[in-house]
Amino acid sequence: MPLTLIKGGRIVTAVDDYTADILIRDGQIETIGRDLAAESADVHDATGLLVFPGGIDVHTHMEGPQGPAMNCDTYESGTIAAAFGGTTTIVDFAYQSKGDSAKKTLDDRVALADPQVCIDYSFHLILVDVNRAVLAELPDVINHEGVSSFKMYMAYPDILMVDDAAIFRTMRTVGHHGGMVNLHAENGQVIQVLIEEALEQGNTAPKAHLLTRPRLMEAEATHRAIRIAELAEVPVYIVHLSAPEALESVVEARDRGLPAFAETCPHYLFLDDSQYDHPGFESAKYVMTPPLRSHHCHQALWRGLRFDDLQIVATDHCPFCINERTMGLKYSKQLGQDNFNQIPNGAPGVETRLVLLYDGGVRSGKISLNRFVQLTSTAPAKMFGLFPRKGAIAIGSDADLVLFDPNKTQILSAQTHHSNVDYSLFEGREVTGSVEKVFLRGELIVEGTQWLGRSGMGQFQKRGASGRIL
Ligand code: URP
Ligand code: ZN
Ligand code: ZN
């Protein structure tokens with residue numbers, strides 16, 4: 001591979017902010033310095049641009065099954081979209097089916113993803129069937145397969161939900177081997193009662209999704225998850241935290257010194273529950289779990305991000321088309337046209353995370369530029385065992401780099417994004433900040449609107465221990 005030289009950019013990491021050149025050889029950063037020169041190098045002028053470590057999105061669902069539905073992004077389309085948004089690594093999901101071993105679950109998912117992925121990747125292993133044999137596999141999964149995070153659901157009874165005993169057993173096993181459990185924290189059984197009541201009363205429209213998933217039940221499950229983890233002596237990571245009441249439990253645990261962590265997502269920071277008041281089926285676009293909360297919740301989430309009670313901003317990119325015609329019923333929200341409880345849960349976001357957080361976080365003065373890098377790249381890398389290969393601009397790190405124009409404005413729209421999904425949560429929103437060039441291990445894969453990457457060029461990342469941040 002030829003040498004690559006990035007000249008004169010303002011290098012911003014989680015702690016640094018300075019202007020220098022970066023010399024890349026064989027996919028890694030070889031030198032950082034002033035006035036670097038290298039004959040035969042591909043030179044990229046980054047004057048006036050910010051240089052970030054590539055974004056790491058630790059919560060995406062590409063080609064994920066959801067009952068009769070399937071995410072409309074493949075590993076190819078979803079990772080191209082991610083790359084255009086400045087993300088160079090995703091941690092997606094391997095979905096265990098009942099009866100399957102952990103090893104088979106991972107092998108099958110790698111076989112599906114590997115020929116398609118355009119950026120680097122790993123998986124959290126979703127466990128739905130926790131038995132002795134599966135538990136016995138987990139040390140090897142962590143230490144040899146390099147998968148150190150396990151996702152479990154406290155919601156979606158009869159589909160994905162596991163009981164507290166399964167969570168406790170898994171936590172105790174993985175905690176001893178450098179693993180962490182990620183929880184979708186909502187009280188699934190109470191929510192099921194509310195769903196049944198809503199349907200009995202004829203409330204079938206998308207807004208019922210909001211009304212049946214109260215913040216209190218997110219808080220209850222978050223508290224329970226953290227307490228079980230405390231007993232099991234394992235780090236715990238709450239995914240897609242949306243409710244201030246749930247955040248209180250995380251804060252309380254962290255104040256006691258426990259390794260309790262949480263992520264939130266851009267839609268909980270920038271959108272609110274008024275989206276469920278759209279007429280007709282339009283609101284189905286916003287049927288993700290947890291639902292969007294009141295705008296009064298935003299301030300608590302931003303405070304959490306500032307004070308490190310929330311450590312990561314991930315997207316929970318889980319796209320389904322709004323129109324059946326786009327890709328077919330299976331890939332569409334229309335499965336729930338007559339019943340909100342059948343609407344596939346999830347929304348797109350993998351392409352807009354960096355620009356939204358830059359525009360609405362950094363430019364609006366809510367977080368610093370260093371904190372922006374910490375939340376989108378460095379903390380995810382540390383939390384999930386990818387650091388310092390990823391999440392850093394340092395000698396020896398992978399040359400996953402984003403050249404970012406802090407002054408260019410753009411309008412977010414499904415017309416111009418790269419995901420297969422046929423809508424944007426942020427349609428028409430003007431943001432300042434733009435991803436100009438993206439390098440994956442030194443290879444230029446995005447240049448303006450041009451895609452230069454290749455399907456299958458992403459590499460599976462064996463990860464170290466999870467949850468050992470700070
Ligand atoms: O709505 C969401 N979050 N969809 C993905 C499924 C889940 O809850 O993780
Ligand atoms: Zn979830
Ligand atoms: Zn999710």
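Atoms within each ligand, like the ligands themselves, are counted from 1 in listed order.
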**Request:** For the residue pair N345 and T289, confirm or rule out a side-chain donor-acceptor distance under 3.5 Å.
**Result:** yes
In a simple table, one pair per line, please give the protein and ligand 1 atom names for every N or O pair closer than 3.5 Å, along with the distance.
unit_1, atom_1, unit_2, atom_2, d
ligand 1, 1 (O), T289, N, 2.7
ligand 1, 1 (O), G346, N, 3.2
ligand 1, 3 (N), T289, O, 2.9
ligand 1, 3 (N), D316, OD2, 2.6
ligand 1, 4 (N), N345, O, 3.0
ligand 1, 8 (O), Y156, OH, 2.7
ligand 1, 8 (O), H184, ND1, 3.1
ligand 1, 9 (O), Y153, OH, 3.2

**Asked** Under 3.5 Å, side chain of D400 to main-chain N/O of G54, donor-acceptor pair present?
**Response** no
**Message:** Within less than 2.8 Å, report the number of protein N/O/S atoms around the Zn ion (ligand 3).
**Reply:** 3
**Message:** Please check this pair: side chain of S77 against backbone of D73, looking for a donor-acceptor N/O pair closer than 3.5 Å.
**Reply:** no
**Prompt:** Under the salt bridge (charged side-chain N to carboxylate O under 4.0 Å, His left out) rule, what pairs show up with a residue in residues 267-285, not counting sequence neighbours?
**Reply:** K207-D277, E282-K285
**Complete:** The side-chain contact (heavy atoms from CB on, under 4.5 Å) partners of V190 (sequence neighbours excluded) come to N187, M217
**Request:** Keeping the roles fixed (side chain from R353, backbone from G86), state whether a donor-acceptor pair exists under 3.5 Å.
**Result:** no
**Message:** Tell me whether S332 contacts the main-chain N or O of G328 through its side chain, where contact means a donor paired with an acceptor under 3.5 Å.
**Reply:** no
**Message:** Does E233, at its CD atom, have more than 12 non-hydrogen atoms belonging to other residues, nucleotides or ligands within less than 6.0 Å?
**Reply:** no
**Request:** Answer yes or no for R389 and F387: cation-pi contact, defined as NZ/CZ to six-membered ring centre under 6.0 Å and angle to ring axis within 45°.
**Result:** no
